[in-house]
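What you see below is based on every heavy atom in this structure, not just the backbone, and it leaves out hydrogens, waters and symmetry mates.
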Amino acid sequence: MNRKKALVLAALLGTLALPALAAGKPTTPPPPATPTDAGTAANILHHPKALARFLGLSADQATQLAGFAKTLDTAEQALRQARAPICQQLRTDLGVTSPDPATVGKDAISLVDNKDKIKSAREAFDTSFSAILTPEQLAKYDTLKQIAHLDNGPGADILGDCPPAS
């Protein structure tokens, strides 16, 4: 009976530590191999080694996470590179004396499509990664995502998601 109480207490204390991690104030120093900014929930989620440590992944799970992260990074990088010319085209089309609404609309739709592809790549990562987690790890992962507010995503400002004009 005492062992159950100790496990419940440990789980409760672990859950209580999550807000401190999200606020950038880890209750314990980060492991030496993690980036110094990995103390926030969003940064833990974006650093596979920090995420693996936080969730207590096995070596096999950590290897799978690294593969999923590489696939996501490759997809996002390609989509972000494709975004710059779309943004430039929209700026050009908006910069004329009398912008054509149909042309500007097509440009905006291209940006939304690009953003949706990035979201789809992230969802594919999330689905694949979640599938390899134990129920306890999945609960911690879901809590970490909630703290990082990943469900909200970037705002609706299309041009705000564009790289700066050169």
Side-chain angles (χ1 to χ4, degrees), residues 3-87 110-164:
R3 187 174 186 177
K4 281 186 180 181
K5 287 181 182 178
L7 288 174
V8 169
L9 180 61
L12 178 61
L13 290 175
T15 303
L16 292 174
L18 288 176
L21 287 172
K25 300 175 186 170
T27 55
T28 58
T34 61
T36 57
D37 62 348
T40 65
N43 283 324
I44 290 172
L45 288 168
H46 291 96
H47 290 93
K49 287 182 181 180
L51 183 58
R53 276 198 187 101
F54 180 80
L55 296 176
L57 299 184
S58 68
D60 185 47
Q61 287 174 311
T63 300
Q64 289 177 306
L65 169 59
F68 298 147
K70 183 175 176 147
T71 300
L72 175 62
D73 186 49
T74 301
E76 280 191 335
Q77 188 175 20
L79 289 164
R80 290 191 191 289
Q81 287 174 351
R83 190 171 195 76
I86 299 168
C87 290
S110 293
L111 284 174
V112 170
D113 287 345
N114 179 274
K115 193 174 189 177
D116 286 346
K117 288 176 184 174
I118 291 172
K119 184 178 178 184
S120 292
R122 289 179 182 170
E123 288 171 350
F125 166 85
D126 187 66
T127 300
S128 297
F129 180 57
S130 294
I132 68 165
L133 299 176
T134 66
E136 295 81 18
Q137 291 168 332
L138 183 59
K140 283 177 76 173
Y141 178 58
D142 287 340
T143 301
L144 196 61
K145 290 187 301 184
Q146 286 180 332
I147 291 169
H149 304 291
L150 286 187
D151 297 335
N152 298 339
D157 180 11
I158 299 295
L159 276 177
D161 291 338
C162 285

Next on the checklist: Please determine whether a side-chain nitrogen of the Lys or Arg among Asp142 and Lys145 lies less than 4.0 Å from a carboxylate oxygen of the Asp or Glu.
Outcome noted: yes
Next on the checklist: Using modelled atom types and a 3.5 Å cut-off, is there a donor and acceptor pairing between side-chain atoms of Gln137 and backbone atoms of Gly56?
Outcome noted: yes
Next on the checklist: For Cys87 versus Leu111, what's the shortest heavy-atom pair and its separation?
Outcome noted: SG-CD2, 3.6 Å
Item to check | Separation of Asn43 CG from Leu51 CG (nearest 0.5 Å) | outcome: 12.0 Å
Checklist entry - If every non-hydrogen atom of Ala42 is compared with every non-hydrogen atom of His46, which pair is closest and at what distance? => result O-ND1, 2.6 Å
Next on the checklist: Please evaluate residues Ile86 and Asp113 with respect to the criterion side chain to side chain contact (heavy atoms under 4.5 Å, CB included), reporting the C-alpha separation (whole Å), side-chain torsions for both, the decisive distance (0.1 Å), and the verdict.
Outcome noted: CA-CA 11 Å; Ile86 299 168; Asp113 287 345; over 6 Å; no
Checklist outcome for this item: Nearest heavy-atom contact between Leu133 and Gln61 is CA-NE2, 3.8 Å
Next on the checklist: Could you check whether any side-chain heavy atom of Leu138 comes within less than 4.5 Å of a side-chain heavy atom of Leu55, counting everything from C-beta outward?
Outcome noted: no
Item to check | Closest heavy-atom pair and its distance - Ser130, Tyr141 | outcome: OG-CE2, 3.5 Å
Item to check | Closest non-hydrogen atom pair between Leu79 and Asn114, with its separation | outcome: O-ND2, 2.9 Å
Checklist entry - Pro48 and Leu65: which non-hydrogen atoms are nearest, and at how many Å? => result O-CD2, 3.4 Å
Next on the checklist: With a 3.5 Å distance limit and no angle check, can you tell me whether Glu76 reaches the backbone of Ala121 through a side-chain donor-acceptor pair?
Outcome noted: no
Checklist entry - How many angstroms lie between atom CZ of Phe129 and atom CG of Leu45, to the nearest 0.5 angstrom? => result 9.0 Å
Item to check | Close side-chain approach of Ile118 to Arg122, heavy-atom, < 4.5 Å | outcome: yes
